Amino acid sequence: MSFLPLPEKVNVLLVGSGGREHALAWRIRQSPHLGKLWVDNNANAGLLALGTACPEEFTLKRKYYLERWMAQEKIGFIVIGPEGPLADGMVDALATPDRPVFGPTRAAARLEWDKAYAKTIMRQTSIPTAEGRVLTTLSAALAYVTERDEPCVVKATGLCAGKGVTVCKDKDEAAIAVRKCMESKEFGDAGSSVVIEERLEGQEVSVLALVDGRTITLLDTCQDHKQVGEGDTGPNTGGMGAFCPTPLMSDADLQLIARDVFVPAVDGLRRQGIEFRGVLFVGLMLTHAGPKVLEFNCRFGDPETQVLMARFQGDLLKTLWLTATGRLEEAEFDFDPRVACSVIVCSDGYPGPIEKGRVITGLLPLDSGGAESDQWMFQASTKLEKRKKIVTTGGRVVGATCLGKTLAQASALATNLAGSVKFEGAFFRSDIGHRILRRRQIKA
Ligand code: AMP
Ligand code: GLY
């Protein structure tokens, strides 16, 4: 696959159906190398406006059919958005010498789908992270949380769509979290073992890098607000809003993260004979004792991708192709100097159960190239119904994303834009970026 030249035109299949994919699809559409863009069979309404839906569900169970379909449609490049297909080994199964796939193999993606493995790699390569242990039986895990005095965090080791982590304030909460994973099996097999680690304090930063096996290119840093309520209160969600870049990390800080986290992680995998190609996403906590790794993801983040794509300047399709084929050093791209902020409009009840099928109005279509805008609505849980009606299908519905000269301006614009998305029970946070905007305020 190495050094495969990018054809003048290539038909692309984008796997995944959320806000991340909507933002990626929009930038891919702007590439002069794009032939036809195919999107997921269950693509949201935003994606369907940018590409054609694959006629069948895109899962490996249908590999035989999909291979025939891809040959017929001359699919030349596959881009995988979500972690599920990566963990299932979609890259291993579909990459061929003349059809690259963007994303890591199942073995490389294990950094995300097995938190115990990630902890082992971090320990072996001295990557700074929370002190913790992997427990594989209920009795050992309960004994461990009761003998600890410090507050801890309980994590199911497998993939749980962002729901397998409980930040606990005391032993009782920790024991409940352990039982949820290992006794009532709320996360199925994903919770049959747990990582229990020290609870860290600080601000969280998301650092994403493109990696082609050898070259690592860091993207601009983002911050994501995980908690559902204003002022960072309430339960964790998949992300209520994000901004990019964050002033908390200088170029010098980023160089240290590259040296202390990205290089050892990629090298650590290589020593096991595993090459990482795709996006490596590091969730960091900036603690008083320095930055520590909370998690690795092996894909673009959401909503981080919405703010990254708002600022991305260059040919995204070419950049992803060069990453997938081992020539990342040839990629040329930059970021708009302005700040991007995204505010996620959600359905009431989220992150708990929500009602689907509510009619959405006020959506802005994305321009697919040509004149640049500075505000976008990236759609996540939306569906196109008859007579062009668009309805909700999940908790996080739309990412209202804006560019501004400052974070304060971008956040105000995105909050205002979020307010123009209308459906029954819509809500959003109006304080995205507040910890940065108020960081110089000291209470006397
Ligand atoms: P993870 O999927 O491991 O990133 O965890 C999800 C979220 O839980 C993170 O984004 C943090 O907000 C929180 N979290 C995870 N690990 C810790 C930790 N050791 N200390 C404090 N908060 C954590
Ligand atoms: N925003 C965090 C994630 O994508 O996992």
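Keep in mind that this is a model prediction, so the values were computed, not measured. Both ligands and their constituent atoms are indexed starting at 1 by order of listing. Only this structure's heavy atoms are used, side chains among them; waters, hydrogens and symmetry mates stay out.
Residue E197 approaches ligand 1 through these ligand atoms, each under 4.0 Å from one of its heavy atoms: 16 (N), 17 (C), 18 (C), 19 (N). Near K115, meaning under 4.0 Å from one of its heavy atoms, ligand 1 places the atoms 1 (P), 2 (O), 3 (O). For ligand 1 and K226, the ligand atoms under 4.0 Å from any heavy atom of the residue are 10 (O). In the vicinity of K155, heavy-atom distances shorter than 4.0 Å reach the ligand 1 atoms 3 (O), 15 (C), 16 (N). Close approach of ligand 1 to R199 is summarised as follows: ligand atoms under 4.0 Å from at least one heavy atom of the residue are 20 (N). Taking every heavy atom of M285 and a limit of under 4.0 angstrom, the matching atoms of ligand 1 come to 21 (C), 22 (N). Within ligand 1, counting atoms from 1 as listed, the ones closer than 4.0 Å to a heavy atom of E198 are 18 (C), 19 (N), 20 (N).
Residues satisfying the side-chain hydrogen bond (donor to acceptor under 3.5 Å, both in side chains) test with S430, not counting sequence neighbours, are E230.
Heavy-atom separations between K292 and ligand 1 are all 4.0 Å or longer. Ligand 1 lies out of reach of Q227, whose nearest heavy atom is not under 4.0 Å from it.
Ring pair W26/F378: centre-to-centre distance below 6.0 Å. Checked against a 6.0 Å centroid threshold, the rings of F333 and F312 count as neighbours.
Between K185 and E183 there is no salt bridge, since no side-chain nitrogen of the basic residue lies less than 4.0 Å from a carboxylate oxygen of the acidic one. Between K155 and E197 there is a salt bridge, since at least one side-chain N of the basic residue sits less than 4.0 Å from a carboxylate O of the acidic one. Salt-bridge check for K226 with E204: passed, with a basic side-chain N closer than 4.0 Å to an acidic carboxylate O. Between E112 and R299 a salt bridge is recorded (basic side-chain N to carboxylate O distance below 4.0 Å). One finds no salt bridge joining R20 and E304 here, because no Lys/Arg side-chain nitrogen approaches an Asp/Glu carboxylate oxygen to under 4.0 Å.
From the protein, the heavy atom lying nearest to atom 10 (O) of ligand 1 is E204 OE1, 2.6 Å. When only non-hydrogen protein atoms are considered, atom 13 (C) of ligand 1 lies nearest to V167 CG2, 3.8 Å. In this structure, the protein non-hydrogen atom closest to atom 2 (O) of ligand 1 is E295 OE1, 3.0 Å. Protein heavy atom at the shortest distance from atom 7 (C) of ligand 1 is N236 ND2, 3.6 Å. Protein heavy atom at the shortest distance from atom 18 (C) of ligand 1 is V153 CG2, 3.4 Å.
Of the N or O atoms in L200, one or more lie within a sub-3.5 Å distance of an N or O in ligand 1.
Under a cutoff of 6.0 Å and an axis angle of 45°, R133 and Y144 form a cation-pi pair.
Within the structure, the salt bridge (Lys or Arg N to Asp or Glu O under 4.0 Å) test picks out the following pairs touching residues 231-254 (sequence neighbours left out): D232-R429. Residue pairs satisfying the salt bridge (Lys or Arg N to Asp or Glu O under 4.0 Å) criterion with at least one member in residues 310-323, sequence neighbours excluded, are listed as follows: D220-R311.
Counting heavy atoms closer than 4.0 Å to ligand 1, residue V165 contributes side-chain atoms (C-beta onward) but none from N, CA, C or O. Heavy atoms of L294 found under 4.0 angstrom from ligand 1 belong to the backbone as well as the side chain.
Protein residues with a heavy atom closer than 4.0 Å to ligand 2 are D224, G238, F281, N297, R299, G301, D302, P303, E304, listed by chain and number.
Within a 6.0 Å sphere centred on NZ of K292, other residues, nucleotides and ligands contribute more than 12 heavy atoms.
Classified by interplanar angle (parallel below 30°, tilted 30° to 60°, perpendicular above 60°), the ring pair H225/H434 is tilted.
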Please determine whether side-chain hydrogen bond (donor to acceptor under 3.5 Å, both in side chains) holds for the pair T157 and S193, giving the CA-CA distance in whole Å, both sets of side-chain angles, and the decisive distance to 0.1 Å. CA-CA 6 Å; T157 55; S193 55; 3.0 Å; yes
